[in-house]
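Remember, it's 1-based here, ligands and their atoms both numbered in the order they're listed. Position 1 is the first residue of the sequence, and the numbers go up from there.
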Amino acid sequence: MKQVNEDNRAWFQEWANEYDNTLGKVKRHHKLLDLVVKLSGIKRNDQILDIGCGTGLLSLKFLNKTDCTITAIDSSSQMLKIFQKKIEKCNLTEKIHCAQESAEDMNFKPDQFDIIAATVALHHVKFKEPVIKNVYNYLKDGGRFVIGEIDMDTTGRLEDSRRLVRILNYLKDELVLAMKEGGVQAFERMYDNGKKHILNDGEYCIGFSQWTKLCRNAGFKNVEISPLKGFEWFKVLVATK
Ligand SMILES: C[S@@+](CC[C@H](N)C(=O)[O-])C[C@H]1O[C@@H](n2cnc3c(N)ncnc32)[C@H](O)[C@@H]1O
(Lines give C-alpha, C1' and ligand atoms only; values in the text may rest on other atoms or scores of the structure.)
Protein backbone atom coordinates (compact mmCIF):
# COMPACT_ATOMS: atom_id res chain seq x y z
CA MET A 1 0.00 0.00 0.00
CA LYS A 2 2.65 2.49 -0.97
CA GLN A 3 0.72 5.14 -2.78
CA VAL A 4 -2.77 5.21 -1.30
CA ASN A 5 -3.67 8.38 0.58
CA GLU A 6 -3.61 7.31 4.26
CA ASP A 7 -6.02 10.04 5.47
CA ASN A 8 -8.50 8.99 2.84
CA ARG A 9 -8.20 5.35 3.88
CA ALA A 10 -8.91 6.37 7.48
CA TRP A 11 -11.99 8.29 6.31
CA PHE A 12 -13.40 5.20 4.57
CA GLN A 13 -12.52 2.99 7.55
CA GLU A 14 -14.70 5.27 9.67
CA TRP A 15 -17.49 5.48 7.08
CA ALA A 16 -17.69 1.70 6.51
CA ASN A 17 -20.18 0.89 9.26
CA GLU A 18 -22.69 3.44 8.05
CA TYR A 19 -22.05 3.07 4.30
CA ASP A 20 -25.04 0.83 3.52
CA ASN A 21 -27.27 3.14 5.57
CA THR A 22 -26.10 6.31 3.84
CA LEU A 23 -24.98 6.11 0.20
CA GLY A 24 -26.41 2.59 0.12
CA LYS A 25 -29.86 4.12 0.70
CA VAL A 26 -29.65 6.61 -2.15
CA LYS A 27 -31.67 5.23 -5.09
CA ARG A 28 -29.48 7.08 -7.58
CA HIS A 29 -26.49 5.05 -6.40
CA HIS A 30 -28.32 1.77 -7.08
CA LYS A 31 -29.43 3.05 -10.49
CA LEU A 32 -25.79 3.78 -11.32
CA LEU A 33 -24.68 0.29 -10.27
CA ASP A 34 -27.57 -1.30 -12.21
CA LEU A 35 -26.54 0.61 -15.33
CA VAL A 36 -22.93 -0.52 -14.91
CA VAL A 37 -24.06 -4.16 -14.70
CA LYS A 38 -26.38 -3.76 -17.69
CA LEU A 39 -23.80 -2.08 -19.94
CA SER A 40 -20.98 -4.45 -18.90
CA GLY A 41 -22.52 -7.13 -21.14
CA ILE A 42 -21.78 -9.73 -18.44
CA LYS A 43 -22.04 -13.38 -19.49
CA ARG A 44 -22.25 -16.59 -17.49
CA ASN A 45 -18.85 -17.68 -16.08
CA ASP A 46 -17.20 -14.29 -16.66
CA GLN A 47 -14.19 -13.42 -14.50
CA ILE A 48 -14.72 -9.98 -12.98
CA LEU A 49 -12.49 -7.58 -11.06
CA ASP A 50 -14.33 -5.01 -8.88
CA ILE A 51 -11.92 -2.21 -7.91
CA GLY A 52 -12.84 -0.25 -4.76
CA CYS A 53 -15.63 -2.73 -4.01
CA GLY A 54 -16.56 -1.18 -0.65
CA THR A 55 -19.31 -3.19 1.06
CA GLY A 56 -19.88 -5.19 -2.14
CA LEU A 57 -22.98 -3.49 -3.55
CA LEU A 58 -21.73 -3.74 -7.16
CA SER A 59 -20.22 -7.24 -6.91
CA LEU A 60 -23.48 -8.61 -5.48
CA LYS A 61 -25.45 -7.06 -8.34
CA PHE A 62 -23.14 -8.79 -10.86
CA LEU A 63 -23.74 -12.12 -9.16
CA ASN A 64 -27.44 -11.46 -8.99
CA LYS A 65 -27.45 -11.03 -12.77
CA THR A 66 -25.64 -14.26 -13.64
CA ASP A 67 -23.21 -16.89 -12.40
CA CYS A 68 -19.70 -15.39 -12.47
CA THR A 69 -16.49 -15.25 -10.44
CA ILE A 70 -15.45 -12.02 -8.77
CA THR A 71 -12.18 -10.70 -7.40
CA ALA A 72 -12.98 -7.67 -5.26
CA ILE A 73 -10.36 -5.29 -3.92
CA ASP A 74 -10.51 -2.27 -1.64
CA SER A 75 -7.96 -0.32 0.36
CA SER A 76 -10.20 -0.26 3.46
CA SER A 77 -10.18 -3.34 5.69
CA GLN A 78 -13.38 -2.16 7.41
CA MET A 79 -15.31 -2.00 4.12
CA LEU A 80 -14.05 -5.49 3.27
CA LYS A 81 -15.04 -6.83 6.70
CA ILE A 82 -18.65 -5.86 6.06
CA PHE A 83 -18.55 -7.30 2.54
CA GLN A 84 -16.98 -10.54 3.81
CA LYS A 85 -19.85 -10.99 6.30
CA LYS A 86 -22.36 -10.68 3.44
CA ILE A 87 -20.36 -13.19 1.35
CA GLU A 88 -20.42 -15.73 4.16
CA LYS A 89 -24.09 -15.11 4.96
CA CYS A 90 -25.04 -15.68 1.30
CA ASN A 91 -22.74 -18.72 0.87
CA LEU A 92 -20.75 -17.03 -1.86
CA THR A 93 -17.20 -17.84 -0.73
CA GLU A 94 -16.66 -19.92 -3.89
CA LYS A 95 -17.75 -17.04 -6.09
CA ILE A 96 -16.19 -13.92 -4.55
CA HIS A 97 -12.63 -13.50 -3.42
CA CYS A 98 -11.87 -10.27 -1.50
CA ALA A 99 -8.46 -8.75 -0.90
CA GLN A 100 -7.23 -5.60 0.80
CA GLU A 101 -5.39 -3.90 -2.03
CA SER A 102 -5.25 -0.39 -3.37
CA ALA A 103 -5.87 0.32 -7.05
CA GLU A 104 -2.40 1.82 -7.29
CA ASP A 105 -0.75 -1.42 -6.12
CA MET A 106 -2.71 -4.00 -8.15
CA ASN A 107 -0.61 -6.86 -9.46
CA PHE A 108 -2.65 -9.33 -11.51
CA LYS A 109 -1.68 -11.54 -14.42
CA PRO A 110 -2.20 -10.10 -17.92
CA ASP A 111 -5.30 -11.14 -19.92
CA GLN A 112 -7.10 -12.46 -16.85
CA PHE A 113 -10.48 -10.71 -16.64
CA ASP A 114 -13.54 -10.43 -18.90
CA ILE A 115 -14.76 -7.34 -17.05
CA ILE A 116 -13.01 -4.84 -14.82
CA ALA A 117 -15.48 -2.55 -13.08
CA ALA A 118 -15.31 0.28 -10.58
CA THR A 119 -18.09 2.46 -9.21
CA VAL A 120 -17.32 5.82 -7.61
CA ALA A 121 -13.93 4.46 -6.58
CA LEU A 122 -11.32 5.39 -9.18
CA HIS A 123 -11.77 9.14 -8.72
CA HIS A 124 -10.01 8.59 -5.38
CA VAL A 125 -6.86 7.68 -7.29
CA LYS A 126 -4.75 10.79 -7.81
CA PHE A 127 -2.47 9.44 -10.54
CA LYS A 128 -4.89 7.58 -12.78
CA GLU A 129 -2.81 6.89 -15.89
CA PRO A 130 -0.75 3.90 -14.61
CA VAL A 131 -3.86 2.36 -13.05
CA ILE A 132 -5.82 2.49 -16.34
CA LYS A 133 -2.80 1.03 -18.17
CA ASN A 134 -2.78 -1.88 -15.72
CA VAL A 135 -6.53 -2.35 -16.18
CA TYR A 136 -5.95 -2.64 -19.94
CA ASN A 137 -3.26 -5.29 -19.40
CA TYR A 138 -5.35 -7.36 -16.99
CA LEU A 139 -8.28 -7.57 -19.44
CA LYS A 140 -8.62 -10.35 -21.99
CA ASP A 141 -8.91 -9.31 -25.65
CA GLY A 142 -12.46 -8.07 -26.13
CA GLY A 143 -12.75 -7.54 -22.35
CA ARG A 144 -14.51 -4.46 -20.98
CA PHE A 145 -13.56 -1.77 -18.52
CA VAL A 146 -16.73 -0.29 -17.01
CA ILE A 147 -16.83 2.64 -14.65
CA GLY A 148 -19.71 4.48 -13.02
CA GLU A 149 -18.41 7.86 -12.00
CA ILE A 150 -19.12 11.49 -11.25
CA ASP A 151 -18.70 13.63 -14.37
CA MET A 152 -16.99 16.64 -12.84
CA ASP A 153 -13.67 18.26 -13.56
CA THR A 154 -12.12 19.25 -10.24
CA THR A 155 -8.61 19.73 -11.55
CA GLY A 156 -6.97 23.14 -11.32
CA ARG A 157 -6.21 25.66 -8.61
CA LEU A 158 -8.21 25.51 -5.38
CA GLU A 159 -8.55 29.31 -5.53
CA ASP A 160 -10.16 29.20 -9.00
CA SER A 161 -13.73 30.37 -8.37
CA ARG A 162 -15.10 28.62 -11.49
CA ARG A 163 -13.77 25.32 -10.15
CA LEU A 164 -15.39 26.01 -6.79
CA VAL A 165 -18.75 26.89 -8.38
CA ARG A 166 -18.64 23.67 -10.45
CA ILE A 167 -18.16 21.57 -7.33
CA LEU A 168 -20.79 23.50 -5.36
CA ASN A 169 -23.32 22.99 -8.14
CA TYR A 170 -22.73 19.24 -7.95
CA LEU A 171 -22.92 19.28 -4.16
CA LYS A 172 -26.23 21.11 -4.17
CA ASP A 173 -27.86 18.30 -6.17
CA GLU A 174 -26.04 15.55 -4.28
CA LEU A 175 -26.89 16.90 -0.82
CA VAL A 176 -30.57 17.31 -1.65
CA LEU A 177 -30.68 13.66 -2.77
CA ALA A 178 -28.73 12.47 0.26
CA MET A 179 -31.12 14.21 2.67
CA LYS A 180 -34.23 13.10 0.78
CA GLU A 181 -33.32 9.44 0.41
CA GLY A 182 -30.66 8.71 3.00
CA GLY A 183 -31.74 11.06 5.80
CA VAL A 184 -29.64 13.21 8.11
CA GLN A 185 -26.85 10.63 8.47
CA ALA A 186 -26.35 10.48 4.69
CA PHE A 187 -26.52 14.27 4.43
CA GLU A 188 -23.85 14.73 7.10
CA ARG A 189 -21.54 12.19 5.45
CA MET A 190 -21.94 13.70 1.97
CA TYR A 191 -21.54 17.23 3.33
CA ASP A 192 -18.26 16.19 4.91
CA ASN A 193 -17.32 14.48 1.65
CA GLY A 194 -18.05 17.73 -0.25
CA LYS A 195 -15.27 19.53 1.58
CA LYS A 196 -12.88 16.79 0.50
CA HIS A 197 -13.93 17.35 -3.13
CA ILE A 198 -13.34 21.09 -2.78
CA LEU A 199 -9.95 20.71 -1.10
CA ASN A 200 -8.77 17.87 -3.36
CA ASP A 201 -8.33 15.74 -0.29
CA GLY A 202 -8.64 12.11 -1.44
CA GLU A 203 -11.27 13.13 -4.03
CA TYR A 204 -9.85 13.78 -7.50
CA CYS A 205 -12.82 13.81 -9.89
CA ILE A 206 -12.24 14.32 -13.59
CA GLY A 207 -14.68 14.78 -16.46
CA PHE A 208 -15.63 12.00 -18.87
CA SER A 209 -13.63 13.54 -21.72
CA GLN A 210 -10.61 13.11 -19.47
CA TRP A 211 -11.57 9.49 -18.63
CA THR A 212 -12.00 8.82 -22.36
CA LYS A 213 -8.56 10.23 -23.13
CA LEU A 214 -6.97 8.09 -20.41
CA CYS A 215 -8.64 4.97 -21.84
CA ARG A 216 -7.61 5.72 -25.42
CA ASN A 217 -4.02 6.41 -24.32
CA ALA A 218 -3.97 3.06 -22.53
CA GLY A 219 -4.93 1.32 -25.82
CA PHE A 220 -8.70 0.86 -25.57
CA LYS A 221 -10.28 0.89 -29.03
CA ASN A 222 -13.89 1.57 -28.32
CA VAL A 223 -15.07 3.96 -25.63
CA GLU A 224 -18.77 4.62 -25.06
CA ILE A 225 -20.39 6.91 -22.54
CA SER A 226 -23.95 6.68 -21.22
CA PRO A 227 -25.48 9.23 -18.87
CA LEU A 228 -27.56 8.14 -15.93
CA LYS A 229 -31.09 9.29 -16.77
CA GLY A 230 -32.23 12.10 -14.50
CA PHE A 231 -28.83 12.49 -12.79
CA GLU A 232 -26.60 14.38 -15.19
CA TRP A 233 -23.60 14.35 -12.84
CA PHE A 234 -23.22 10.59 -13.18
CA LYS A 235 -22.23 8.58 -16.24
CA VAL A 236 -21.09 5.10 -17.18
CA LEU A 237 -18.12 4.53 -19.45
CA VAL A 238 -17.51 1.24 -21.25
CA ALA A 239 -14.10 0.78 -22.88
CA THR A 240 -13.42 -2.35 -24.92
CA LYS A 241 -9.97 -3.88 -25.35
C1 LIG B 1 -17.76 5.55 -2.50
S2 LIG B 1 -17.11 3.98 -2.13
C3 LIG B 1 -17.74 2.96 -3.47
C4 LIG B 1 -17.91 1.52 -3.06
C5 LIG B 1 -18.60 0.63 -4.10
N6 LIG B 1 -17.84 0.56 -5.34
C7 LIG B 1 -19.99 1.15 -4.37
O8 LIG B 1 -20.24 1.60 -5.51
O9 LIG B 1 -20.84 1.10 -3.49
C10 LIG B 1 -15.40 4.14 -2.59
C11 LIG B 1 -14.59 2.91 -2.19
O12 LIG B 1 -13.30 3.02 -2.79
C13 LIG B 1 -12.32 2.61 -1.84
N14 LIG B 1 -11.06 3.25 -2.22
C15 LIG B 1 -10.70 4.55 -2.09
N16 LIG B 1 -9.48 4.76 -2.59
C17 LIG B 1 -9.06 3.55 -3.05
C18 LIG B 1 -7.87 3.11 -3.68
N19 LIG B 1 -6.89 3.95 -3.94
N20 LIG B 1 -7.76 1.80 -4.01
C21 LIG B 1 -8.79 0.93 -3.76
N22 LIG B 1 -9.93 1.28 -3.16
C23 LIG B 1 -10.06 2.58 -2.81
C24 LIG B 1 -12.87 3.08 -0.51
O25 LIG B 1 -12.28 2.39 0.58
C26 LIG B 1 -14.35 2.79 -0.67
O27 LIG B 1 -14.68 1.51 -0.24
Does [X], backbone or side chain, put an N or O under 3.5 Å from an N or O of ligand 1?
{"X": "His124", "value": "no"}
{"X": "Glu101", "value": "no"}
{"X": "Ala103", "value": "yes"}

* With a 4.0 Å cut-off on heavy atoms, does Asp74 reach ligand 1? ->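 Yes.
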
Any side-chain heavy-atom pair from [X] and [Y] closer than 4.5 angstrom?
{"X": "Leu168", "Y": "Ile198", "result": "yes"}
{"X": "Ser40", "Y": "Phe62", "result": "yes"}
{"X": "Phe234", "Y": "Glu149", "result": "no"}

* To do: Nearest heavy atom to atom 6 (N) of ligand 1 wins, so pick from Ser76, Ala121, Gly52, Gly24.
  =>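 Going through Ser76, Ala121, Gly52, Gly24 one by one, Gly52 has the nearest heavy atom to atom 6 (N) of ligand 1.
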
Can you tell me which portion of [X] lies within the under-4.0 Å heavy-atom range of ligand 1? Options are side chain, backbone, both, or neither.
{"X": "Asp50", "value": "neither"}
{"X": "Leu57", "value": "side chain"}
{"X": "Cys53", "value": "backbone"}

* Answer yes or no: is there an ion pair linking Glu181 with Arg28, defined by an N-O contact shorter than 4.0 Å? => no

* Asked: Can you tell me if His97 uses its side chain to pair, donor with acceptor, with the backbone of Ile70 under 3.5 Å?
  -> no

* **Atoms in ligand 1 flagged as close to Leu33, the criterion being non-hydrogen separation under 4.0 Å** =>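 Every atom of ligand 1 under 4.0 Å from some heavy atom of Leu33: 8 (O).
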
* Find all atoms of ligand 1 within a distance of less than 4.0 Å from any non-hydrogen atom belonging to Glu104, and give their numbers and elements. =>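 Those qualifying, in numeric order: 18 (C), 19 (N), 20 (N).
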
* Nearest heavy-atom neighbours spanning Ala72 and Phe83 -> CB-CE2, 3.7 Å

* Distance-only side-chain donor-acceptor flag, Asn193 / His197, under 3.5 Å -> yes

